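Predicted model only: the values in this text are computed from it and were never measured.
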Amino acid sequence: MPDSHRTNTNPQGLAHARELQGHLSWLDSFSGAALAVLATASGIYTYLGVSSLLDDTGAMSFFAASAYSIAVSVGIFVFWSYLMRLLPAMRTGAAKLKLMGAMVLGSIAIIAMSSWLNAAALAGSAAVEQHLAQTVQEYQESLEQAHETAVSAQALERDVARVRQSFEDLSEQEASGDLSGLAGRGAVFRVLRQKAEELAALEAQIGAQSELIEGAFDEGNAILSRMRALIVEPGAVEARSVAFSEDAVRLAGLVSTLRQLSVAPLVDRAAEDLSASVVLPELDASGAAGQDAQASTINSVLQVLALRAESLEDAAEQVLARPAPPEVTYTPISSADAVILYARNFVPSWAGAIAIDLLPAVLVLILMVTQGAIRAGWGDLPAEDTLTLAELRSALHAMREMEALDRPVEVEAAPPRRTAPVAENVSPLPNTPARNND
């Protein structure tokens, strides 16, 4: 049978295709306007995101942000308009894959030029506050660690006091003659008192640090409280960030002060000098036997001194081995950078920012499926077999108009000559008498 006389073998599919075509015609009446609204909304949020990145607030910044947002809106509208028209119309798989690859590249470009700025507009202030809260947490950990190290160093005071007390007890024994056998305040007594006084001075210095350490720690906690109040305080986050930065500088100074107030390095050096720097007095016993006793006792004292110094040095090194407090420096950050830095904390905002730009991709896929169903419903019928009654009437009307244009124009006939009017009431002539032939 010739192609021009093929009949539809699937009338239900043809009816379904016509139904879908009608739906698409109705949806197409407002799809462009809806796409323009989405592009405009994305452009508005892009403008807010760009404005947060510009330091200047003058006219030039306004025009720059406006130009960028308008370019984004136009680009989004044109890009998705192309795909909504072209991708569903593709009939081969290769053509569809190529256009889908172009859609993926365009979507990545849209995310790069718009979506992250939309996220900055949606959650920029909250992201900056998150950055401030994270900074406060880091400062608190640094302050507490510095205070803990300083307090641990203060515990060395007990070790110093124990060593000092041992030398004082030995000096008392030497004074009563129980140590070297020579009662009095001779050479051995003076060596013992010398080291006891050095340790007493170190003990007093350590004790004086306690009040300074606690004062610095209390002041640091007060600054942390003000910084936390700035985070939740209402108002523009930029103004709060300025005050926050000032408190951060003071807090960093206090953490550095606490590091310097730690007496562990001082005790470590004192322990090294305890046995190394001994001023040996002149033996003052009257006889050789007494001087020998004094020398033997001083040697014993030096050995004890070395042991005490070693134990004290070990205790100081244990404190010094503690990890140093981390160096914390507050760095002001823009809302756009904060959104990227803390992206995992603002997943809903990122999802909304990306969805407003890439939602038309879903419409493109819907159109692809619908156009495929329409083509399957039409099958391989020729175009004349798929015409509706309204389309057929329109085609016939167009044909008649074309035929009327092609028909030659007829020349008008000459008007008839005018004749004299015939009198209506004229009597007929009388009959002529018959001729007599006779």
Side-chain angles (χ1 to χ4, degrees), residues 37-76 107-142 223-252 326-359:
V37 170
L38 287 175
T40 302
S42 178
I44 292 173
Y45 282 102
T46 300
Y47 170 82
L48 296 176
V50 173
S51 299
S52 66
L53 295 176
L54 300 177
D55 295 332
D56 189 12
T57 58
M60 183 57 67
S61 297
F62 169 76
F63 286 121
S66 299
Y68 188 88
S69 62
I70 292 173
V72 167
S73 298
V74 173
I76 291 175
S107 300
I108 295 174
I110 289 175
I111 293 174
M113 72 179 183
S114 174
S115 297
W116 70 287
L117 294 172
N118 296 346
L122 289 172
S125 298
V128 173
E129 291 177 354
Q130 177 70 28
H131 178 64
L132 299 182
Q134 181 67 28
T135 304
V136 168
Q137 183 66 28
E138 293 174 358
Y139 271 117
Q140 182 175 2
E141 293 176 359
S142 179
I223 294 176
L224 284 173
S225 298
R226 289 199 303 269
M227 294 169 74
R228 292 190 185 95
L230 287 172
I231 295 174
V232 299
E233 183 178 313
V237 70
E238 291 81 6
R240 287 181 283 154
S241 297
V242 175
F244 186 93
S245 178
E246 295 174 355
D247 285 337
V249 172
R250 287 194 290 268
L251 186 57
E327 294 282 348
V328 181
T329 302
Y330 168 66
T331 303
I333 190 173
S334 65
S335 59
D337 293 336
V339 167
I340 295 176
L341 184 61
Y342 302 98
R344 60 184 178 182
N345 296 329
F346 299 96
V347 174
S349 298
W350 271 98
I354 294 175
I356 198 173
D357 289 334
L358 303 187
L359 179 60

Practice problem: Would you name the heavy atoms of L117 and Y68 that are closest together and state the gap between them? | Solution: CD1-CE2, 3.6 Å
Practice problem: Could you tell me the separation between the CD1 atom of I354 and the OG atom of S42, rounded to the nearest 0.5 Å? | Solution: 11.5 Å
Below 3.5 Å, can you tabulate the donor-acceptor pairs from side chains in residues 123-130 to any protein atom, sequence neighbours excluded?
residue, atom, partner, partner atom, Å
E129, OE2, R240, NH1, 3.3
E129, OE2, R240, NH2, 2.9

Exercise. Give me the one residue out of S73, S114, S51 that meets side-chain hydrogen bond (donor to acceptor under 3.5 Å, both in side chains) with T46.
Key: S114
Exercise. Might you point out which heavy atoms bring L122 and A353 nearest each other, and give the distance in Å?
Key: CD1-N, 4.0 Å
Quiz item: If every non-hydrogen atom of I223 is compared with every non-hydrogen atom of D247, which pair is closest and at what distance?
Solution: CG2-O, 3.5 Å
Quiz item: How long is the span from the CE atom in M113 to the CG atom in N118, to the nearest 0.5 Å?
Solution: 10.0 Å
Quiz prompt | salt bridge (Lys or Arg N to Asp or Glu O under 4.0 Å) involving R228 - partner list, sequence neighbours excluded | solution = none
Practice problem: Provide the closest heavy-atom pair for F62 versus Y47 in the form atom of the first, atom of the second, distance. | Solution: CD1-OH, 3.1 Å
Practice problem: Ignoring hydrogens and angles, tell me if any N or O in the side chain of S69 forms a donor-acceptor pair with the backbone of S66 under 3.5 Å. | Solution: yes
Quiz item: Say you draw a straight line from CD of E246 to CZ of R250; how long is it, rounded to the nearest 0.5 Å?
Solution: 6.5 Å
Practice problem: Check whether any side-chain N or O of S241 sits under 3.5 Å from a backbone N or O of V237 as a donor-acceptor pair, and report yes or no. | Solution: yes
Quiz item: Are Y139 and L224 close enough that some pair of their side-chain heavy atoms sits under 4.5 Å apart?
Solution: yes
Quiz item: With sequence neighbours left out, which residue pairs that include part of residues 340-350 fulfil the side chain to side chain donor-acceptor pair (under 3.5 Å) condition?
Solution: H131-Y342
Quiz item: How many angstroms lie between CG in L38 and CD1 in I76, if you round to the nearest 0.5 Å?
Solution: 9.0 Å
Quiz prompt | Atom of A336, atom of A120 and distance for their closest heavy-atom approach | solution = CA-CB, 3.6 Å
Quiz item: How many angstroms lie between CZ in F244 and CG in L132, if you round to the nearest 0.5 Å?
Solution: 5.0 Å
Practice problem: Would you give the length of the straight line joining atom OG of S245 to atom CE of M227, rounded to the nearest 0.5 angstrom? | Solution: 9.0 Å
Quiz item: Does Y45 OH have over 12 foreign heavy atoms under 6.0 Å away?
Solution: no
Exercise. Evaluate the criterion side chain to side chain contact (heavy atoms under 4.5 Å, CB included) for residue pair I111 and L358; output intermediate values, then yes/no.
Key: CA-CA 9 Å; I111 293 174; L358 303 187; 3.9 Å; yes
Exercise. Indicate the atoms forming the closest heavy-atom contact of A112 with W116, along with that distance.
Key: O-NE1, 2.5 Å
